[in-house]
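After the C-alpha coordinates below, expect a handful of questions from me.
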Amino acid sequence: MKRRIGLLGYAQLLPAMRQQLEQQMQAEPDWDSLYEKNPIEATKLERQWRKGKEQREAQIRAVEAEQQRLAQVRQRQLDEQVQKQVQAEQARLPEMIPGWRNADVAQREAKEIRDFLLSKGFSEQDVNGITHAGVVAMARNAMLFERGKQKISQAKGERKASGPKPMKAGSKGTQ
(Lines give C-alpha, C1' and ligand atoms only; values in the text may rest on other atoms or scores of the structure.)
Protein backbone atom coordinates (compact mmCIF):
# COMPACT_ATOMS: atom_id res chain seq x y z
CA MET A 1 0.00 0.00 0.00
CA LYS A 2 1.47 3.33 -1.06
CA ARG A 3 1.55 6.08 1.50
CA ARG A 4 0.98 9.62 0.23
CA ILE A 5 2.67 12.47 1.97
CA GLY A 6 1.63 16.05 1.61
CA LEU A 7 3.70 19.02 0.61
CA LEU A 8 4.48 19.80 4.24
CA GLY A 9 5.63 16.24 4.95
CA TYR A 10 7.77 16.27 1.83
CA ALA A 11 9.32 19.57 2.86
CA GLN A 12 10.16 18.12 6.27
CA LEU A 13 11.85 15.08 4.69
CA LEU A 14 14.27 17.16 2.62
CA PRO A 15 16.45 18.41 5.53
CA ALA A 16 16.71 14.84 6.85
CA MET A 17 17.73 13.66 3.40
CA ARG A 18 20.39 16.36 3.17
CA GLN A 19 21.73 15.47 6.61
CA GLN A 20 21.92 11.82 5.64
CA LEU A 21 23.84 12.69 2.47
CA GLU A 22 26.27 14.86 4.42
CA GLN A 23 26.86 12.04 6.90
CA GLN A 24 27.73 9.71 4.05
CA MET A 25 30.59 12.03 3.10
CA GLN A 26 33.74 10.29 4.19
CA ALA A 27 36.90 12.01 5.25
CA GLU A 28 39.45 12.14 2.48
CA PRO A 29 41.96 9.29 2.88
CA ASP A 30 45.70 9.87 3.08
CA TRP A 31 46.43 9.36 -0.59
CA ASP A 32 50.20 9.63 -0.18
CA SER A 33 50.39 6.61 2.11
CA LEU A 34 48.00 4.65 -0.13
CA TYR A 35 50.12 5.45 -3.19
CA GLU A 36 53.25 4.27 -1.38
CA LYS A 37 51.64 0.92 -0.51
CA ASN A 38 49.87 0.21 -3.80
CA PRO A 39 49.80 2.91 -6.52
CA ILE A 40 47.38 1.08 -8.83
CA GLU A 41 44.85 0.35 -6.07
CA ALA A 42 45.26 3.91 -4.71
CA THR A 43 44.42 5.34 -8.15
CA LYS A 44 41.25 3.24 -8.33
CA LEU A 45 40.24 4.17 -4.76
CA GLU A 46 40.90 7.86 -5.37
CA ARG A 47 38.79 7.80 -8.52
CA GLN A 48 35.93 6.01 -6.72
CA TRP A 49 36.16 8.35 -3.73
CA ARG A 50 36.04 11.48 -5.92
CA LYS A 51 33.19 10.08 -8.01
CA GLY A 52 31.17 9.26 -4.88
CA LYS A 53 31.91 12.69 -3.43
CA GLU A 54 30.75 14.39 -6.63
CA GLN A 55 27.55 12.32 -6.66
CA ARG A 56 26.72 13.18 -3.03
CA GLU A 57 27.47 16.87 -3.67
CA ALA A 58 25.19 16.79 -6.72
CA GLN A 59 22.47 15.13 -4.62
CA ILE A 60 22.88 17.77 -1.90
CA ARG A 61 22.59 20.53 -4.51
CA ALA A 62 19.45 18.84 -5.86
CA VAL A 63 17.97 18.72 -2.33
CA GLU A 64 18.79 22.42 -1.84
CA ALA A 65 17.20 23.29 -5.19
CA GLU A 66 14.09 21.33 -4.23
CA GLN A 67 13.92 23.13 -0.88
CA GLN A 68 14.07 26.47 -2.68
CA ARG A 69 11.39 25.36 -5.12
CA LEU A 70 9.12 24.29 -2.26
CA ALA A 71 9.72 27.59 -0.46
CA GLN A 72 8.62 29.42 -3.61
CA VAL A 73 5.52 27.22 -3.90
CA ARG A 74 4.62 27.88 -0.25
CA GLN A 75 5.18 31.64 -0.72
CA ARG A 76 2.97 31.64 -3.81
CA GLN A 77 0.24 29.77 -1.91
CA LEU A 78 0.51 32.21 0.99
CA ASP A 79 0.33 35.19 -1.37
CA GLU A 80 -2.78 33.75 -3.04
CA GLN A 81 -4.38 33.13 0.35
CA VAL A 82 -3.66 36.69 1.49
CA GLN A 83 -5.00 38.07 -1.80
CA LYS A 84 -8.25 36.11 -1.39
CA GLN A 85 -8.63 37.40 2.16
CA VAL A 86 -8.01 41.00 1.04
CA GLN A 87 -10.64 40.65 -1.70
CA ALA A 88 -13.15 39.18 0.77
CA GLU A 89 -12.54 42.05 3.20
CA GLN A 90 -12.87 44.63 0.41
CA ALA A 91 -16.22 43.10 -0.49
CA ARG A 92 -17.33 43.52 3.15
CA LEU A 93 -16.54 47.25 3.25
CA PRO A 94 -19.73 48.46 1.50
CA GLU A 95 -21.77 46.38 3.96
CA MET A 96 -20.00 47.94 6.93
CA ILE A 97 -19.91 51.46 5.50
CA PRO A 98 -23.06 51.90 3.36
CA GLY A 99 -21.81 55.18 1.88
CA TRP A 100 -18.99 53.25 0.23
CA ARG A 101 -21.38 51.63 -2.20
CA ASN A 102 -20.61 54.74 -4.25
CA ALA A 103 -17.10 54.14 -5.61
CA ASP A 104 -16.23 57.85 -5.68
CA VAL A 105 -17.15 58.28 -2.02
CA ALA A 106 -15.22 55.13 -1.09
CA GLN A 107 -12.13 56.26 -2.96
CA ARG A 108 -12.23 59.80 -1.49
CA GLU A 109 -12.79 58.60 2.07
CA ALA A 110 -10.14 55.88 1.74
CA LYS A 111 -7.61 58.57 0.85
CA GLU A 112 -8.80 60.72 3.77
CA ILE A 113 -8.47 57.75 6.16
CA ARG A 114 -4.98 57.07 4.85
CA ASP A 115 -3.96 60.70 5.37
CA PHE A 116 -5.55 60.69 8.84
CA LEU A 117 -3.66 57.57 9.91
CA LEU A 118 -0.38 58.91 8.55
CA SER A 119 -0.95 62.19 10.43
CA LYS A 120 -1.47 60.19 13.63
CA GLY A 121 1.97 58.58 13.37
CA PHE A 122 1.24 55.38 11.49
CA SER A 123 3.90 54.41 8.97
CA GLU A 124 3.25 53.79 5.28
CA GLN A 125 3.91 50.11 5.89
CA ASP A 126 1.37 49.99 8.73
CA VAL A 127 -1.30 51.70 6.64
CA ASN A 128 -0.59 49.53 3.59
CA GLY A 129 -0.77 46.43 5.79
CA ILE A 130 -4.37 47.03 6.87
CA THR A 131 -6.42 44.27 5.31
CA HIS A 132 -9.32 43.80 7.74
CA ALA A 133 -12.54 45.64 6.90
CA GLY A 134 -13.29 46.16 10.60
CA VAL A 135 -10.02 48.03 11.09
CA VAL A 136 -10.83 50.28 8.12
CA ALA A 137 -14.30 51.00 9.53
CA MET A 138 -12.82 51.74 12.95
CA ALA A 139 -10.21 54.07 11.44
CA ARG A 140 -13.00 55.87 9.57
CA ASN A 141 -14.98 56.26 12.79
CA ALA A 142 -11.89 57.65 14.53
CA MET A 143 -11.36 60.11 11.70
CA LEU A 144 -15.00 61.25 11.79
CA PHE A 145 -14.87 61.54 15.59
CA GLU A 146 -11.76 63.70 15.36
CA ARG A 147 -13.44 65.93 12.78
CA GLY A 148 -16.50 66.25 15.02
CA LYS A 149 -14.35 67.27 17.98
CA GLN A 150 -12.64 69.92 15.85
CA LYS A 151 -15.99 71.33 14.68
CA ILE A 152 -17.27 71.53 18.26
CA SER A 153 -14.15 73.28 19.50
CA GLN A 154 -14.34 75.71 16.54
CA ALA A 155 -17.99 76.45 17.29
CA LYS A 156 -17.19 77.08 20.97
CA GLY A 157 -14.33 79.35 19.96
CA GLU A 158 -16.60 81.34 17.65
CA ARG A 159 -19.16 81.77 20.45
CA LYS A 160 -16.54 83.05 22.88
CA ALA A 161 -15.09 85.40 20.29
CA SER A 162 -18.46 86.99 19.65
CA GLY A 163 -18.81 87.96 23.33
CA PRO A 164 -21.63 87.22 25.74
CA LYS A 165 -24.87 85.88 24.45
CA PRO A 166 -27.34 88.73 23.86
CA MET A 167 -30.39 88.77 26.06
CA LYS A 168 -33.86 88.53 24.65
CA ALA A 169 -36.12 91.53 24.87
CA GLY A 170 -38.24 91.58 28.00
CA SER A 171 -36.02 89.23 29.99
CA LYS A 172 -34.80 90.10 33.43
CA GLY A 173 -31.17 91.05 33.74
CA THR A 174 -28.88 89.00 35.94
CA GLN A 175 -27.29 90.33 39.09
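The basis for the numbers below is simple: all heavy atoms, side chains too, and nothing from hydrogens, waters or symmetry mates.
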Atom pair NZ/CD1 of Lys111 and Ile113 - distance to nearest 0.5 Å: 12.0 Å
Worked check of side-chain contact (heavy atoms from CB on, under 4.5 Å) between Lys53 and Glu57: CA-CA 6 Å; Lys53 180 182 174 190; Glu57 287 173 348; 3.1 Å; yes
Ile60 side, atom CD1; Arg56 side, atom CZ - distance, nearest 0.5 Å: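 Output value for this atom pair is 8.5 Å.
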Derivation and outcome, salt bridge (Lys or Arg N to Asp or Glu O under 4.0 Å), residues Glu54 and Lys51: CA-CA 5 Å; Glu54 288 171 4; Lys51 193 174 186 179; over 6 Å; no
Exceeds 12 heavy-atom contacts within 6.0 angstrom, atom OH of Tyr35: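 It does: Tyr35 OH has more than 12 such atoms within range.
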Donor-acceptor pair between Gln83 and Asp79 side chains, under 3.5 angstrom: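 Per modelled atom types, Gln83 and Asp79 side chains form no pair under 3.5 Å.
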Shortest non-hydrogen separation from Pro29 to Leu34 and the atoms involved: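 Between these two residues, the closest heavy atoms are CB-CD1, 4.0 Å.
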Worked verdict on Asp115 versus Glu112 for side-chain contact (heavy atoms from CB on, under 4.5 Å): CA-CA 5 Å; Asp115 294 341; Glu112 291 172 1; 5.7 Å; no
Atom pair CH2/CD of Trp100 and Gln90 - distance to nearest 0.5 Å: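 Between Trp100 CH2 and Gln90 CD, I get 10.0 Å after rounding to 0.5 Å.
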Single-linkage hydrophobic cluster, 4.5 Å side-chain cutoff, Val86 and Val135 together: no
Passing option when Arg69 is tested against Gln67, Glu66, Gln72 for side chain to side chain donor-acceptor pair (under 3.5 Å):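 Of all the options given, the one that passes is Glu66.
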Verify same cluster id: Val82, Leu93 (apolar side-chain graph, 4.5 Å):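 No, Val82 does not connect to Leu93 through the hydrophobic network.
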Rounded distance [0.5 Å steps], CE in Met96 versus CZ in Arg140: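 Rounded to the nearest 0.5 Å, the CE-CZ separation comes out at 11.0 Å.
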Over 12 foreign heavy atoms within 6.0 Å of CD1, Ile40: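 At most 12 heavy atoms, drawn from other residues, nucleotides or ligands, come within 6.0 Å of this atom.
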For the student: nearest non-hydrogen atoms of Glu89 and Gly134, plus distance: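 Here Glu89 and Gly134 meet closest at OE1-N, 4.4 Å.
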Check: Glu124 and Val127 side chains under 4.5 Å, non-hydrogen atoms: no
Minimal non-hydrogen separation, Ile97 against Ala137, with atom names: CD1-CA, 4.0 Å
Straight-line distance of Arg114 CZ to Ile130 CD1, nearest 0.5 Å: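 Answer rounded to 0.5 Å: 9.0 Å.
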Audit row: Glu80, Lys84, salt bridge (Lys or Arg N to Asp or Glu O under 4.0 Å) steps and yes/no: CA-CA 6 Å; Glu80 289 172 5; Lys84 285 179 185 176; 5.6 Å; no
Within 6.0 angstrom of Gln107 CD, more than 12 heavy atoms from elsewhere: no
Glu28 CD: over 12 foreign heavy atoms closer than 6.0 Å: yes
Rounded distance [0.5 Å steps], CG in Asn141 versus CE in Met138: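 Atom-to-atom, Asn141:CG and Met138:CE are 9.0 Å apart.
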For Trp31 against Arg50, the heavy-atom pair lying closest together: NE1-NH2, 4.3 Å
